Amino acid sequence: VGLDVDTERVCELCSRKIELYAGMIRRNWNSPLLLRNKLGKIYEGIEPAGNHRDYTKWEELKKVSDHLGKKGELKEEEWRDYISGLIDGEGWIGERTITIELDESEASLAYKIKKKIGSGSVIKEKRGVRYTIRKREGLLKVMNMINGRLRTKKRVDQLLRWKEGEIVVKPIREDENLDNYWLCGFAEAEGSFVISVADSKKIKKSVRLEFTIKQKEEREVLQRIKEKMGGGNVRWDNSEEIYCYKSSGMKTAYEVIRYFDKYRLMSRKYTRYLKYRKVYRMLTRGEHLEEKGIKKIESIRSKGSSETIRST
């Protein structure tokens, strides 16, 4: 969204230096013709988003509430979608076992899932936490929870190879409806929220909010997430040999917040999300335009885990 330039005031504008701080474009315009023909609009951007330079005027960013209500307990249907997303993202369905791998800091989430299922074991390892179900009763319970809700081909294929029978495996879920807890569970496994403050020759300080999900094979799933969030891009990361969905535009950040305000994360990523959300609220108030606002944003990001911190 840009600021329309009044062509009758072009000369007046060209005679002064345009400096827009903390994510605003800063340039010296010496030619009225250049200003009128090359630009037509002066964009007040927070930060470009991906390949399309999605500048957004900060005053027109959509507002989000300063307060969040208390997180309630998930209903049975919500648990089914959440567990399905988590297994799609970081699970494994073996011939007689189901395993969910979590970050080493997520032992409390593993025990919460175990309590819900009523079966399984939680093992803390050097590089993470593993929740494993081996008893038939627990396996059948989870199978019935996720059957028909899985969205990745690799998990459905694993389900088809299950040896215990008694389950008529439903096909992969391909509908575009992600307005449920599936994406929340999937993001618990593979998602990250990143706050970055960057220096630039053209911009004194720019603030970027990134929401990222990575997957080894399932590009189509990431494409649906992109469509759900209304922006971002899906690309192949050669360095990690993995597909990556990344959004950094502020319009998309609003949609990310709308989703995760409704479908609450249960892991420690919820704290990282709250930091992401808090910085977005600061941007909607223009706090990033002042030095003290930038310092506050840098303080918010630096107090999180390394996943929330990026400085360039």
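If you're wondering where the values come from, they're calculated on a predicted model, not measured in any experiment.
- Proximity of a side-chain donor or acceptor of Glu210 to a complementary backbone N or O of Lys246 within less than 3.5 Å is not detected.
- Residues satisfying the ring-ring contact (aromatic ring centres under 6.0 Å, His included) criterion with Tyr263, sequence neighbours excluded, are Tyr181, Tyr259.
- No side-chain heavy atom of Val64 sits under 4.5 Å from any side-chain heavy atom of Thr284.
- Formation of a donor-acceptor pair under 3.5 Å by the Arg80 side chain with backbone atoms of Asn144 is found in this model.
- No side-chain heavy atom of Lys226 sits less than 4.5 Å from a side-chain heavy atom of Thr252.
- If you take NZ on Lys275 and CD1 on Ile300, they are separated by 7.5 Å, rounding to the nearest 0.5 Å.
- At a threshold of 4.5 Å between non-hydrogen side-chain atoms, the residues Thr212 and Cys244 count as touching.
- Counting non-hydrogen atoms of neighbouring residues, nucleotides and ligands closer than 6.0 angstrom, the NZ atom of Lys63 exceeds 12 such neighbours.
- Arg155 and Thr152 get closest at one heavy-atom pair: CG-OG1, 3.1 Å.
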Is there a side-chain contact (heavy atoms from CB on, under 4.5 Å) between Gln215 and Arg219? Walk through the geometry before answering. CA-CA 7 Å; Gln215 270 286 297; Arg219 188 183 190 281; over 6 Å; no

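- With sequence neighbours excluded, no residue satisfies ring-ring contact (aromatic ring centres under 6.0 Å, His included) with Tyr254.
- Between Leu178 and Arg224, the shortest heavy-atom distance links the atoms CD1-O, 3.7 Å.
- Between Asp81 and Leu74, every side-chain heavy-atom pair lies at or beyond the 4.5 Å cut-off.
- In this structure, NZ in Lys141 is found 13.5 Å from NZ in Lys135, a value given to the nearest 0.5 Å.
- The shortest heavy-atom contact between Arg151 and Arg173 is NH2-NE, 3.2 Å.
- Taking NZ from Lys214 and CG from Leu222, the interatomic distance works out to 11.5 Å, rounded to the nearest 0.5 Å.
- Rounded to the nearest 0.5 Å, atoms CZ (Arg149) and CD1 (Ile146) are 10.5 Å apart.
- Applying the side chain to side chain donor-acceptor pair (under 3.5 Å) criterion to Arg264, with sequence neighbours excluded, gives Tyr270.
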Assess whether side-chain contact (heavy atoms from CB on, under 4.5 Å) is satisfied between Glu188 and Leu265, documenting all intermediate values. CA-CA 7 Å; Glu188 297 274 32; Leu265 295 155; 3.6 Å; yes

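- Within the structure, the side chain to side chain donor-acceptor pair (under 3.5 Å) test picks out the following pairs touching residues 111-132 (sequence neighbours left out): Glu76-Lys116, Glu101-Arg130.
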Between Val129 and Ile123, does the side-chain contact (heavy atoms from CB on, under 4.5 Å) criterion hold? Intermediate values first, please. CA-CA 6 Å; Val129 176; Ile123 301 174; over 6 Å; no

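- With sequence neighbours excluded, the residues satisfying ring-ring contact (aromatic ring centres under 6.0 Å, His included) with Phe211 are Phe193, Phe260.
- Ion pair Lys75/Glu77 not flagged as a salt bridge, since none of the NZ, NE, NH1 or NH2 atoms sits closer than 4.0 Å to an Asp/Glu carboxylate oxygen.
- Remark: Lys62 NZ is loosely packed, at most 12 non-hydrogen atoms of other residues, nucleotides or ligands lying under 6.0 Å away.
- With sequence neighbours left out, the salt bridge (charged side-chain N to carboxylate O under 4.0 Å, His left out) criterion links Glu218 to no other residue.
- A search for salt bridge (charged side-chain N to carboxylate O under 4.0 Å, His left out) contacts involving Glu255 returns Arg258, not counting sequence neighbours.
- Here Asp66 pairs with Arg285 in a salt bridge; the nearest charged N to carboxylate O distance falls below 4.0 Å.
- Note on residues 222-244: pairs passing ring-ring contact (aromatic ring centres under 6.0 Å, His included), not counting sequence neighbours, are Trp236-Tyr243.
- Contact detail for Leu109 and Ser267: the closest heavy-atom pair is CD2-CB, 3.8 Å.
- For Glu104, the salt bridge (charged side-chain N to carboxylate O under 4.0 Å, His left out) test picks out no residue, with sequence neighbours left out.
- The main-chain N or O of Val168 is found under 3.5 Å from a side-chain atom of Asn147 such that the two form a donor-acceptor pair.
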Begin with the C-alpha distance, continue with both residues' side-chain angles, and end with the deciding distance and a verdict on side-chain contact (heavy atoms from CB on, under 4.5 Å) for Leu61 and Tyr280. CA-CA 9 Å; Leu61 290 174; Tyr280 178 86; 3.9 Å; yes

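- Contact between Gly138 and Ile133 at its shortest, heavy atoms only, is C-CG2, 3.7 Å.
- Listed by chain and number, the residues in a salt bridge (charged side-chain N to carboxylate O under 4.0 Å, His left out) with Glu137 amount to none (sequence neighbours excluded).
- The 12-atom threshold is not exceeded at CD of Glu241, counting heavy atoms of other residues, nucleotides or ligands nearer than 6.0 Å.
- Counting heavy atoms of neighbouring residues, nucleotides and ligands inside a 6.0 Å radius, atom CD of Glu227 exceeds 12 of them.
- With hydrophobic clusters built from ILVMFWY side chains whose heavy atoms lie under 4.5 angstrom apart, Leu68 shares a cluster with Leu283.
- You'll find the side chain of Leu86 reaches within 4.5 Å of the side chain of Ile113, heavy atoms only.
- Summarising the geometry, atom CZ belonging to Arg96 is positioned 10.0 Å from atom CZ belonging to Arg136; distances are rounded to the nearest 0.5 Å.
- Shortest non-hydrogen contact noted between Leu139 and Arg134 is CD1-O, 3.4 Å.
- No donor-acceptor pair closer than 3.5 Å links the side chain of Glu287 to the backbone N or O of Met282.
- At least one donor-acceptor pair closer than 3.5 Å links the side chain of Lys269 to the backbone N or O of Gly191.
- Distance alone, capped at 3.5 Å, places no donor-acceptor pair between the Lys154 side chain and the Trp92 backbone.
- Take Ser84 and apply the side chain to side chain donor-acceptor pair (under 3.5 Å) test, not counting sequence neighbours, and it matches no residue.
- Taking CZ from Arg272 and OG from Ser192, the interatomic distance works out to 9.0 Å, rounded to the nearest 0.5 Å.
- Here the side chains of Glu106 and Arg268 are in contact, with some heavy-atom distance below 4.5 Å.
- Remark: Asp103 engages Ser105 in a side chain to side chain donor-acceptor pair (under 3.5 Å) (not counting sequence neighbours).
- Using a 4.5 Å cut-off on side-chain heavy atoms (C-beta onward), Ile257 and Arg281 make no contact.
- Two residues are said to be in side-chain contact when any heavy atoms from C-beta on lie closer than 4.5 Å; Met229 and Leu183 meet this criterion.
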